[in-house]
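First the structure, in the form of structure tokens, and then the observations on it.
All chains are named by letter (A, B, ...) in the order of the sequence lines, taking the proteins before the strands, and each is independently numbered beginning at 1.
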Amino acid sequence: MTDTIERSDTAGNDRVLDHLVVRFAGDSGDGMQLTGDRFTSVSASFGNDLSTLPDFPAEIRAPAGTVNGVSAFQVNIADHEITTPGDEPNVLVAMNPAALKADLHRLEVGGTVIVNEDSFDARDLSKAGYVDSSDEPVNPLEDGTLNGYRVLKVPMTSLTKEVCEPLGVKPRDAERSKNFFALGLVSWMYTRPTEPTEEWIGQKFAKNEQVAAANTAAFRAGFNFGETTEAVGHRYEVRPATLPAGTYTSITGNQALSWGLVAAGQLAKLPITLGSYPITPASDILHELSKHKHFGIRTVQAEDEIAAVGVALGASFAGHLGITTTSGPGVALKSETISLAVAIELPLLIIDIQRGGPSTGLPTKTEASDLNIALYGRHGESPLPVVASKSPADCFHAAIEAARIALKYRTPVILLSDGYLANGSEPWKLPDVDSLPDISVPFATGTNHVDDDGNEEFWPYLRDPETLARPWAIPGTPGLMHRVGGLEKADGTGNIDYTPQNHERMTELREAKVAAVTADIPPTEVEGDVDADVLVLGWGSTWAAIDAAVQRRRRVGVKVAKAHIAHLSPLPPDLGDLLRRYRKVIVPELNRGQLAHLLRGTYLIDIISVSKIQGLPFKSREIEAAIDAAIESLGADSEGGAS
Amino acid sequence: MTDTIERSDTAGNDRVLDHLVVRFAGDSGDGMQLTGDRFTSVSASFGNDLSTLPDFPAEIRAPAGTVNGVSAFQVNIADHEITTPGDEPNVLVAMNPAALKADLHRLEVGGTVIVNEDSFDARDLSKAGYVDSSDEPVNPLEDGTLNGYRVLKVPMTSLTKEVCEPLGVKPRDAERSKNFFALGLVSWMYTRPTEPTEEWIGQKFAKNEQVAAANTAAFRAGFNFGETTEAVGHRYEVRPATLPAGTYTSITGNQALSWGLVAAGQLAKLPITLGSYPITPASDILHELSKHKHFGIRTVQAEDEIAAVGVALGASFAGHLGITTTSGPGVALKSETISLAVAIELPLLIIDIQRGGPSTGLPTKTEASDLNIALYGRHGESPLPVVASKSPADCFHAAIEAARIALKYRTPVILLSDGYLANGSEPWKLPDVDSLPDISVPFATGTNHVDDDGNEEFWPYLRDPETLARPWAIPGTPGLMHRVGGLEKADGTGNIDYTPQNHERMTELREAKVAAVTADIPPTEVEGDVDADVLVLGWGSTWAAIDAAVQRRRRVGVKVAKAHIAHLSPLPPDLGDLLRRYRKVIVPELNRGQLAHLLRGTYLIDIISVSKIQGLPFKSREIEAAIDAAIESLGADSEGGAS
Amino acid sequence: MSTAQVAVTTKKDWTSDQEVRWCPGCGDYGILLAVQQLMPELGVAPENTVFVSGIGCSSRFPYYMNTYGMHSIHGRAPAIATGIATARPDLDVWVITGDGDGLSIGGNHLIHALRRNVNINILLFNNRIYGLTKGQYSPTSEVGKVTKSTPVGSVDAPFNPLSVALGAEASFVARTHDLDRKHMQETFRAAHAHNGASFVEIYQNCNVFNDGQFSDITKKTNRENMMIDLVHGEPILFGPDRERGVMQGTDGFLHIVEVADVGLDQILIHDEKNDRPSLAFALARLNDDDHSPTPFGVFRNIQRSEYAQAVSDQVVAASERRGPGDLGELLASNGTWTVG
Amino acid sequence: MSTAQVAVTTKKDWTSDQEVRWCPGCGDYGILLAVQQLMPELGVAPENTVFVSGIGCSSRFPYYMNTYGMHSIHGRAPAIATGIATARPDLDVWVITGDGDGLSIGGNHLIHALRRNVNINILLFNNRIYGLTKGQYSPTSEVGKVTKSTPVGSVDAPFNPLSVALGAEASFVARTHDLDRKHMQETFRAAHAHNGASFVEIYQNCNVFNDGQFSDITKKTNRENMMIDLVHGEPILFGPDRERGVMQGTDGFLHIVEVADVGLDQILIHDEKNDRPSLAFALARLNDDDHSPTPFGVFRNIQRSEYAQAVSDQVVAASERRGPGDLGELLASNGTWTVG
Ligand SMILES: Cc1ncc(C[n+]2csc(CCOP(=O)(O)OP(=O)(O)O)c2C)c(N)n1
Ligand SMILES: Cc1ncc(C[n+]2csc(CCOP(=O)(O)OP(=O)(O)O)c2C)c(N)n1
Ligand code: SF4
Ligand code: SF4
Ligand SMILES: [Mg+2]
Ligand SMILES: [Mg+2]
């Protein structure tokens with residue numbers, strides 16, 4: 001276990017690990033997500049820090065037993081604060097040959113493989129593609145494939161069936177509990193408490209006692225298998241992390257984002273209307289928000305993405321917090337309406353859970369390649385603020401921040417998350433609800449202008465001198481009736497106006513309003529060595545990998561600093577100066593260098609773009625390599641005499 | 001006439017001008033576009049070089065007689081090659097008070113105003129807003145407003161009615177011919193031949209003899225009014241330009257673009273299918289192409305822009321040259337489908353006649369603010385070539401070039417024109433049809449791969465090693481049946497493939513394919529002083545103003561160079577080196593600096609962005625000022641000692 | 001914002017200060033006047049009224065109403081209005097659209113708004129042409145129409161807007177025309193009274209690009225023979241002496257008959273309240289073309305669950321069941337553990 | 001590319017080498033099989049056939065057909081297919097879509113393709129759910145449906161796909177279901193034979209997210225009482241002994257009656273060829289819900305001008321009138337002048 005620190009336990013019996021990465025892999029039907037989730041929850045409540053990476057198969061169900069049908073869940077648990085689900089699992093649980101085939105290559109050298117031996121029969125081997133040149137099945141458990149790994153072959157299916165028989169469970173049904181056997185075994189091996197899981201089984205399957213009994217029996221059987229079988233060997237322990245004191249919950253990015261939206265409504269004292277059209281990996285936000293109607297939340301599943309953003313914009317006009325959630329293809333469709341929102345200057349939240357592109361692309365894989373469309377994907381000069389979240393739990397705060405900007409500046413705001421954050425989870429120290437900011441803004445209630453004849457008028461485009469926001473006068477307010485629209489409007493009155501100077505002025509005002517958001521952006525925090533030559537600058541979900549990479553490099557004495565920005569438009573006001581303090585700036589992105597290009601153009605700094613576009617998050621190792629390369633090139637630069 | 005060079009005629013009688021800018025302005029119903037068009041045609045066939053700028057009112061008809069209802073047509077005619085419609089008219093023809101109100105401020109100091117005196121009555125003065133503080137009409141012909149101008153007051157309406165009376169034309173109908181009176185008068189003043197116009201009237205109104213007679217009579221009356229009335233004074237002449245020998249026609253940008261598309265079909269030996277949805281200022285291309293069905297052109301007026309591009313893409317799949325034409329809001333709507341075209345790698349032309357944005361913006365005004373959406377307006381990494389035309393006639397060649405790239409590289413291409421080019425016209429030396437390039441590409445006809453068992457297969461994503469284009473196998477070809485789609489495809493086979501390395505490789509290949517277009521981009525031409533410190537780099541319709549500005553500055557001894565790029569993506573391969581040869585690079589754009597930002601990010605050069613966003617083209621004067629400022633700042637830089 | 005006590009208003013209160021900018025003679029003027037005159041009679045307040053439109057000549061309408069308004073983007077008004085009405089069921093929401101805006105680019109939003117039965121009043125100005133973009137054919141233009149984009153005539157069959165609406169589950173469907181202010185006002189009044197989505201097609205003359213499209217039917221001298229007035233509960237009769245009528249044939253189709261030939265009791269009684277849309281649909285298809293008798297008035301007017309109210313009801317029910325939302329409770333709902 | 005002499009093909013020739021990836025038990029398998037078996041009988045060649053789809057489980061269909069194919073983007077298949085068919089009237093173009101793909105996001109393209117009467121065959125797999133995105137309600141889901149996005153039940157009324165199609169001027173409209181291969185094949189065959197846009201709704205079971213939605217009607221034991229087979233020119237009868245039938249009432253509505261009560265001559269004769277869509281519409285509305293007798297088969301099948309052909313005809317006519325396009329002539333058509 002290359003990276004895992006193994007300490008001797010005081011009792012001298014169990015070994016203590018500082019962290020552990022387990023990957024549960026099996027067929028889509030094998031319940032791996034549930035198993036991983038459970039292992040995560042138990043570890044969370046046990047006090048470990050953790051980070052997860054569910055890895056679903058493509059949207060449509062592949063034939064059972066094939067590599068395409070493999071569903072996996074990776075979790076990293078640690079006795080210290082961590083941010084990534086781990087580059088390479090230490091333990092791989094493979095419920096069938098396909099899972100082994102799909103995931104063995106990920107396992108660290110010398111790692112542990114736990115396989116469900118029963119599934120390694122000719123049929124399943126063939127389905128997984130473990131065949132020789134004459135298409136005969138070949139068993140990887142026997143042909144040396146697993147040399148160099150610690151292998152645990154456990155007949156999980158048959159043991160589960162056996163233990164379920166006395167309960168009167170039919171063998172076919174019993175088989176379904178085998179994931180709990182695996183969970184029990186792994187729980188024993190890594191010293192996880194058992195009560196929470198048994199309790200949870202009781203609750204979850206309360207409606208079907210037999211299933212509950214079967215799952216419990218399988219879970220215990222797995223645990224006992226570890227306890228009693230010589231084969232399993234040592235137990236390991238991952239001690240609770242010394243996380244900051246507080247109340248914690250385990251949360252995925254999409255759930256945190258949804259709750260952030262709920263909170264934004266409360267903090268703004270506004271009802272919410274969500275207009276949305278389902279799309280992976282954003283649909284869960286629609287699902288989650290539609291559960292919380294008692295917060296005054298209306299969800300409209302619209303006929304398409306254009307209607308969805310139209311519904312949200314209409315709701316904003318009517319005085320709600322209008323929100324729309326989608327992924328890349330949906331953002332493309334919403335462009336024209338977002339441009340209308342820029343023109344009519346109303347608060348609107350557009351949430352983009354990014355996935356692999358172009359076109360339908362890789363719907364279940366992560367990517368961060370929608371930054372460009374967020375910044376530039378509208379016709380005409382159509383600027384708007386863009387915000388990104390950096391971790392699953394951070395999605396909560398990012399949602400509130402995006403809403404705050406939208407409301408204060410009366411502007412559409414795009415919030416970028418991605419598939420990795422959406423489905424990944426981490427422990428989240430719950431914020432004190434009372435400490436959350438008040439983001440409410442007043443509606444206009446009266447006239448704001450007096451015409452030449454002394455008549456009181458309402459000018460819908462008379463701006464707040466500081467924020468440049470126009471008044472938000474909602475229907476139902478007597479005397480403030482007004483019309484908005486997509487044609488160019490006269491500064492002040494908002495009447496249609498195509499005159500040259502007015503258009504130029506309005507264009508500049510819209511730009512200045514977005515720029516005004518910088519006033520609220522806190523100083524960019526830099527972590528790491530004060531005297532570093534190299535800065536790693538990140539945005540979005542690269543945060544975890546960058547954090548881990550910088551920590552690791554620093555642990556071995558490499559001087560490096562890091563910063564992470566949440567605001568992509570406008571950029572933090574201190575960013576240019578900050579970047580210029582370093583000789584090399586590395587920007588790792590899950591795209592082909594979109595932020596890097598923006599920074600180059602804005603600050604004329606020769607940013608080093610580190611790009612990964614494989615549908616997967618960065619491994620911290622990859623970022624470490626980039627840091628090393630940058631430092632090396634510094635040496636080369638100095639040798640060459642240039643700087 | 002500040003800028004106009006007035007030479008003495010050999011005959012000593014008429015004065016000779018090197019160029020003349022006339023602006024015809026009147027109510028929408030006054031036929032100013034027709035009048036301007038006629039004046040242009042006559043001047044063109046007379047041999048002048050020229051450039052026009054029609055200036056319509058907003059899309060919907062404003063009340064007659066109001067400033068909002070003014071329609072104008074500006075034309076610059078010259079005895080030398082010119083590129084712009086002129087910064088400031090020398091002559092303003094104002095058919096009513098509103099026209100005077102709207103356009104007087106444009107006239108050069110000391111310029112000539114020709115007004116239709118009849119229209120300056122109380123009613124029309126009020127409508128035009130010529131009123132005092134107690135709302136009483138005030139006549140600008142009498143109150144000193146026109147001091148400093150040369151004013152010609154002509155009772156055009158009544159003179160026209162008078163001359164038409166003997167023809168039996170009713171006074172109300174006769175009134176409609178008053179624009180021909182104006183045309184006749186101006187034709188006399190500036191020594192335009194009369195026969196072509198009389199002939200044209202005969203043809204145009206062949207179906208209605210009385211109208212033809214009335215118009216001819218009015219035209220002659222105007223001409224004779226000049227001839228006989230002392231008031232008019234000198235005649236001026238603008239001699240034919242010494243344009244290169246050849247056959248010329250007068251053409252607008254939209255017509256040239258349409259003909260370029262027709263030509264592209266012929267040169268590619270492909271039928272064309274245009275999918276389009278009407279939108280200002282692009283609709284005329286749909287109108288024009290639907291007239292040329294005998295070229296094998298199918299036009300589909302689709303239900304919306306998304307369908308329009310879908311129709312074009314379907315046609316491309318089926319082996320046609322698929323084209324879609326639109327303006328900014330339509331480009332926004334087409335984004336998702338264009339991204340599909342990027343993924344399925346088929347030829348597709350998207351033509352964007354840009355107009356003022358954001359949202360509905362200024363539909364009848366020009367702007368060049370869709371460069372960003374063209375480059376970046378798709379989700380995911382979705383690169384494609386972008387080409388822009390620089391003058392009305394150049395639209396012909398730009399259309400062929402865009403089609404050539406689309407076909408050769410099997411890629412969607414965005415061609416950017418704008419409202420100014422679309423409606424502006426210039427004389428165009430007709431190309432020799434036989435000299436136009438062959439842009440045809442072969443369809444795939446057979447298999448291109450042999451599998452491990454020796455079977456012949458067709459791999460739809462096996463690329464040409466040079467262009468990286470994939471084979472274009474069209475339905476109807478036996479043995480090449482294949483499926484394409486928006487999901488990520490395996491390099492080579494094109495089967496669905498989500499594996500990490502494949503996605504990265506395909507992303508890079510798509511990028512490399514667009515980059516491969518650089519192979520065909522000719523060296524960037526630089527005009528002007530070889531030893532200049534300042535370069536003006538342009539794209540799109542700024543060409544005319546830049547050309548005039550650089551010429552003018554050089555004429556007074558300022559050292560300056562200019563270059564113009566047609567390829568925005570990929571950029572010309574020599575551009576970086578070229579830009580680095582100058583101490584200052586100015587990029588004038590009808591947007592807020594979109595190309596400037598791209599160049600800064602690409603080359604890390606501190607480009608000076610000169611932005612105008614008023615719905616109007618640049619005046620060359622504005623660019624001259626920028627050149628002067630850059631040169632001045634150079635001095636300042638040198639003084640400061642830095643470079 | 002209760003509408004219980006609404007101040008009395010006049011046409012002036014509903015007229016904005018913006019200059020009206022349609023071509024002289026355009027049918028849109030008559031419709032605007034009809035609406036501005038009608039609003040005071042509806043017992044609603046300008047500040048509780050919203051007009052939403054897309055893009056087109058017709059879509060300029062909201063600028064001229066002294067209410068809240070949005071001149072949105074092409075085709076999207078029904079979606080935006082759905083957002084407004086769903087967020088604020090207390091508002092009176094009107095959608096103004098054209099045959100291009102509503103049936104070409106906006107077709108999908110239109111049919112879904114009708115299906116959902118959102119409480120909005122949709123007025124579709126059908127001039128069978130694209131006016132604003134200066135004369136291309138529209139999805140309601142007749143086959144063979146010569147326009148700028150179809151120089152040798154269009155080849156695709158038009159929509160019948162009422163058919164589209166009825167096919168899309170519309171609960172209120174009517175037709176009127178720009179030359180009869182009283183009929184427009186009656187029709188709009190009924191549309192307004194209807195709780196749910198109301199769809200009104202207005203035959204509107206575009207005197208610049210499609211002049212006289214409807215005059216075979218709506219010209220004063222033609223009306224008696226060419227317009228069939230639908231009145232709920234009354235036999236469907238027309239003609240100068242109401243001597244002709246509509247009868248249901250046993251072949252499944254409607255027929256225009258002479259009353260004298262069949263007897264008055266054979267004439268179909270108009271029933272706008274029937275749950276099934278099939279008879280309204282048959283009536284909407286009665287006229288084969290612009291030169292045959294054409295029904296006007298309310299074709300269908302039924303009550304069914306209104307979307308915005310139903311959405312609100314779920315919100316209210318959830319609040320009653322679970323109490324008002326408590327953020328702390330929400331954050332703890334996944335289960336929590338405590339450190340330190 | 002003439003289809004005059006087409007080689008004989010078998011199911012294998014129409015089956016691609018791609019692994020089929022639907023959930024075990026999904027109704028899509030049966031539809032795929034029906035199509036793959038039918039194609040050899042249609043006398044067309046795989047290379048002249050194109051399958052276009054949008055996005056959804058159903059939209060994976062083209063991958064499994066050994067023809068030209070495009071798995072396009074969500075909702076846009078009818079538009080893309082219009083492009084293919086208009087460019088190449090010689091091809092046989094099929095559109096595969098779902099209730100979400102075709103009626104939610106793609107509703108507008110669908111109705112316009114039907115209105116234009118482009119020669120494409122549209123098969124809409126109606127499972128009344130979003131399968132691919134794992135179970136949200138769709139525009140054909142019944143009111144009150146509890147799904148991931150409607151935890152307390154949906155509130156909006158569904159579309160009846162056949163109503164939508166008929167309201168949109170469809171010239172061929174039919175319904176079949178995934179459990180009866182023969183009926184599917186007969187229906188698809190008729191759709192294919194039709195020159196113009198054909199619209200076929202297929203009741204399709206999604207056994208994962210909406211299992212059994214149609215079993216009250218399509219389960220073998222229910223069929224006799226619940227399925228009404230429409231046969232052109234035949235009286236509309238059903239029931240184990242064909243003892244029940246459909247009658248036109250003079251009230252304007254259709255009624256289900258006992259033949260014994262009214263006599264066979266009162267039973268409506270099915271006429272799929274009538275120019276007016278109103279009777280087909282009435283039949284499409286006969287079943288109030290999923291638990292009442294439901295007509296299957298071809299509702300409407302009329303000839304009217306086909307779009308792609310009409311467009312081609314204009315191209316041919318222009319070439320005949322003006323000769324093939326001459327570029328030089330075009331460039332000179334504004335009038336020219338010569339310098340030097
Ligand atoms: C996205 C988009 N596409 C196209 C247009 C151009 N456009 C404006 S109005 C219109 C059609 C108007 O027709 P209709 O709705 O019938 O209105 P009318 O002018 O006849 O009242 C079109 C095509 C636009 N503004 N936006
Ligand atoms: C633009 C866009 N929006 C949303 C999606 C997500 N999406 C894919 S399929 C689908 C609905 C599928 O439903 P249906 O058409 O009924 O097909 P089924 O899976 O039920 O066969 C959705 C919402 C997408 N791929 N693209
Ligand atoms: S173009 Fe037609 S519809 Fe538009 S304002 Fe003029 S007359 Fe009215
Ligand atoms: S989700 Fe439903 S429709 Fe999709 S493949 Fe599975 S069973 Fe079929
Ligand atoms: Mg219209
Ligand atoms: Mg479905």
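- The two atoms that bring I73(C) and S359(B) nearest to each other are CG2-OG, 3.6 Å, heavy atoms only.
- Only the backbone of A302(B) comes within contact range of chain C, with heavy atoms under 4.5 Å apart.
- Checked against side-chain hydrogen bond (donor to acceptor under 3.5 Å, both in side chains), T97(C) has the following partners two or more places apart in sequence or in another chain: D101(C).
- Considering all non-hydrogen atoms of both residues, P278(B) and T133(C) come closest at CB-OG1, 4.2 Å.
- Heavy-atom pairs under 4.5 Å with chain B peak, among E19(C), H74(C), Q136(C), at Q136(C).
- Listed in order of number, the residues of residues 282-295 of chain B that approach chain C to under 4.5 Å between heavy atoms are S283(B), L286(B), H287(B), S290(B), K291(B), K293(B).
- Only the side chain of V152(C) comes within contact range of chain B, judged by heavy atoms closer than 4.5 Å.
- Closest approach of S104(C) to Y277(B), counting heavy atoms only: OG-CE1, 3.5 Å.
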message: Evaluate D304(B) against N108(C) for side-chain contact (heavy atoms from CB on, under 4.5 Å), listing each step before the verdict.
response: CA-CA 11 Å; D304(B) 64 14; N108(C) 206 33; over 6 Å; no
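- Only the side chain of L333(B) comes within less than 4.5 Å of a heavy atom in chain C; its backbone stays farther off.
- Checking side-chain atoms of Q301(B) against main-chain N and O of Y137(C) turns up a donor-acceptor pair under 3.5 Å.
- For a residue to count as touching a neighbouring chain, one of its non-hydrogen atoms must lie under 4.5 Å from one of that chain's; by this rule S276(B) does not touch chain C.
- Neither the backbone nor the side chain of H71(C) comes within less than 4.5 Å of any heavy atom in chain B.
- By number of non-hydrogen pairs under 4.5 angstrom with chain B, the leading residue of V155(C), T150(C), I105(C), T147(C) is I105(C).
- With a 4.5 angstrom heavy-atom cutoff, S72(C) touches chain B only via backbone atoms.
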